Amino acid sequence: MAHTDDEGDERLAAEGEVAVARLAIDSGDLGHAADHLSDAIIAAPQLPELHEALAELCAAVGGPAAARDLFPLDGEVYLGTVVCRAHVEAAAGDWDTAVGLLASAIQYEPARPWAHTAWLAREDLPALVDPDAVAQAVARAAGALPDPLPAELVDTVRPFERFVRTVTDRHPEHPLLLAMASGLTRRFGATARAVELAERAHRLAPGHLPSVMLGNALRADGRPEEALTVWEAELARVVPDEGNSSSYLAVDVAELYGTLGRPAEGLPWLERVLATEPDHPKAAPALHGLRHAVDGEAVHLLALADHHRDHPDHEYARDLLERLSHREPWLGMVPGTSEATVNLLHQVLAAPDTDRDTEIECDVSTVEPPSSQLALHLALPRCTVVYQSIDKPDPRLPLIKTSAAVWAWDGTDPKAAVAPPAPESAELVRATAEIVWPTIPAAYDHAVRLAGLSLDDLLGALVHPPLPREDDLGRALLAHQPELWVRAVQAFACLGIAHHRTDQPWPESDRRRVLLDLLLGPEDWVAEAAGFALVAIGWTHPQARADIATQLRRRLHYSVDARRVRVVTILRSVCHLVFAAPWVTPADRDLARAAIRAEEAADGPKSEPRSEPEPQPEPEPSLEPRRPGFLGRLLGRG
């Protein structure tokens, strides 16, 4: 296995610590030596010189038993101390304690090769340990491991799993060890063996723990209905009461119904738990998650966010919210765009001979959101676009009289109406913007670093976006989808505005005034970004929700009405903003759903065309290269 630069640096650091430890041993400062060895073992657990020095330390203090005092386990304990103490206990022949401490290290940091030690691989070790102690060690280690184990952890934990397998084979009638080993084996992907171990434990000692482990193994082995049978039988056997672990099993039953596509059948289990344990840390979040599985409404996601804000120690609510927001428009990422300008941009970027010096002159049949040109110029700064006409209602006009405007128009030619941000402000926006985020509250919190920027700089970033970051994602965005980066910059710049002068009461605040000006300004991606910032404020500040619903309604109704007579490229995104703000009225949600259905119908059927002619959808804006044949040659068609 090739060593990375980081591993080389860690080895050098460990060698230095060992050298200092040996000097301390020679001078009789054994406590000081122990501290340095504890640091060394964190950096390089397998370093031979380290283990030689640890043996020298034991000898200097009078043997391994006496060396225990150099690695105390009372009070706040350092991880390096735990690992060194494990090796000292092994040298002293206290194998049960040694295995338990090694399991604690795996529990705390499973990515380190703690288990790659010679004494754990001793052939006689399984005969020297108490199966009860090994079962407790497995419970400690496996409970903290992901299920299933990612590939990068399999190698580091494998020696521990191999040891546990051997001990289990030696004690085939020990139910606790069998049950715990089933959980560890399951994480390594050996689900059939995990079922076998758990079934044996369940036969030997029917009860709560074996039932839980058997259900988990059956579920991992692709037998969820059998898992339900086992778990429901166990829940029927016990009488739930406050603090009883059966309440967690009831949550598992409910969520397994959700996994099986029958979430409604899981709801009564959660309602039963909450009737006796209203503050249960998993039941209420799971209930919101299952209700979302039933109807798909974002109101349940908002309930998860509200629950986590009221119960910050209930991390399951945050975890569920992240899972259900993942890659959802505005809930977890910027949506894509449909402008003809962007479609052309994608075609040009896909051509093998395109570079940043590529020139395009093209006509667009009708005015589009001017931010689409930002994406074009970001990737291809030498291109030009000319809009040929302006459809009605005029998308260049704001919905209300505004004081904050970022675009000005010279006929059909858009120009930035604000100056670029200061370089240091642009760099901070560049470092902050993301195309995906865990949840809306997480995005709002992430943007707090922009709170100190001036409104002028934040507004400037909306129409003078910095280049993407110089990392793999940034390079990919610039090469393939620069519009997503522009939208990310605009979204986080608007979130920065949402954090501006939060000492001002919301109704009279500058942040409200500016965000409303942008939301209800000209038809542009900036309006969507401002809408997202307002939605984020609503998620995190419930008292502002009614006002924000009113403002989103204005943009939605204008967009729907305009779509009756012309294309509105931001309509779908505006609808998704409404979906992400579940406190809006049911009528507005229904209007957004109808608008989405109409857009999907205008896209045309996805199935085979029918023999009879169908009405043609309204044509989208078209583009034509201003040099005849240019686009055809670029795409290899001419």
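For clarity, every value in this text was computed on a predicted model and none was experimentally measured.
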Just by distance, with hydrogens left out, do [X] and [Y] show a side-chain donor and acceptor under 3.5 Å apart?
X    : Y    : result
H307 : H314 : yes
S211 : H202 : yes
E277 : S247 : yes

Identify each donor-acceptor pair in which a side-chain atom of residues 37-49 lies under 3.5 Å from a protein atom, sequence neighbours left out, and give them as a table.
residue: S38; atom: OG; partner: A34; partner atom: O; Å: 3.0
residue: D39; atom: OD1; partner: Y78; partner atom: OH; Å: 3.1

Nearest non-hydrogen partners of [X] and [Y], listed with the distance:
X    : Y    : answer
A227 : R219 : CB-N, 4.0 Å
A447 : T432 : CA-CG2, 4.3 Å
L467 : R430 : O-NE, 2.9 Å
E232 : W269 : OE2-CZ2, 3.5 Å
L331 : A580 : CD2-CB, 4.0 Å
L301 : S325 : CD1-OG, 4.5 Å

Using side-chain heavy atoms (C-beta onward) and a distance below 4.5 Å, is [X] in contact with [Y]?
X    : Y    : answer
L153 : P146 : yes
L184 : F160 : yes
Y248 : V212 : no
T166 : R170 : no
M180 : L209 : yes
L125 : F163 : yes
I440 : Y444 : no
T156 : R112 : no

Electrostatic pair [X]-[Y], nearest N-O below 4.0 angstrom:
X    : Y    : answer
R203 : E173 : no
D306 : R309 : yes
R22  : E56  : yes
R193 : D169 : yes

Once side chain to side chain contact (heavy atoms under 4.5 Å, CB included) is applied, do any residues pair with P172, and if so which ones, sequence neighbours excluded? R200
Would a distance-only check, ignoring hydrogens and angles, find a side-chain to backbone donor-acceptor pair under 3.5 Å from R85 to F71? yes
Check against side chain to side chain contact (heavy atoms under 4.5 Å, CB included), Y257 and L267: CA-CA 9 Å; Y257 274 114; L267 295 176; over 6 Å; no
Pairs meeting criterion ring pair (Phe, Tyr, Trp, His ring centres under 6.0 Å) with involvement of residues 25-53, two or more places apart: H32-H36, H51-H87
Evaluation steps, side chain to side chain contact (heavy atoms under 4.5 Å, CB included), between T185 and R165: CA-CA 8 Å; T185 301; R165 190 190 324 150; over 6 Å; no
After noting the C-alpha distance and the side-chain angles of Y316 and H308, does the key distance pass the ring-ring contact (aromatic ring centres under 6.0 Å, His included) rule? CA-CA 8 Å; Y316 190 57; H308 189 244; over 10 Å; no
In sequence, state the C-alpha distance, the side-chain angles, and the governing distance for V251 and H280, and then conclude on side chain to side chain contact (heavy atoms under 4.5 Å, CB included). CA-CA 10 Å; V251 173; H280 193 281; 4.1 Å; yes
Kindly indicate, with the supporting measurements, whether the criterion salt bridge (charged side-chain N to carboxylate O under 4.0 Å, His left out) is fulfilled by R68 and E89. CA-CA 7 Å; R68 289 170 171 143; E89 295 288 359; 2.9 Å; yes
Any cation-pi pair here, R122 with W119, using under 6.0 Å and within 45°? no
May I ask you to check whether W539 and F532 place their ring centers less than 6.0 Å from one another? no
Just to verify, what does E225 make a side-chain hydrogen bond (donor to acceptor under 3.5 Å, both in side chains) with, not counting sequence neighbours? R262
Partner residues of D313 under the side-chain hydrogen bond (donor to acceptor under 3.5 Å, both in side chains) criterion, sequence neighbours left out: none
Above 12 or not: heavy atoms from other molecules or residues under 6.0 Å from CD of E152? yes
With under 30° as parallel and over 60° as perpendicular, where do the rings of H171 and H174 fit, or are they tilted in between? perpendicular
Side-chain polar contacts of residues 133-140 - donor-acceptor pairs under 3.5 angstrom, sequence neighbours left out - could you list them?
residue: R140; atom: NH1; partner: G100; partner atom: O; Å: 2.8
residue: R140; atom: NH1; partner: S104; partner atom: OG; Å: 3.3

Just do the side chain to side chain contact (heavy atoms under 4.5 Å, CB included) check on W114 and V83 with the steps written out, would you? CA-CA 8 Å; W114 312 120; V83 181; 3.7 Å; yes
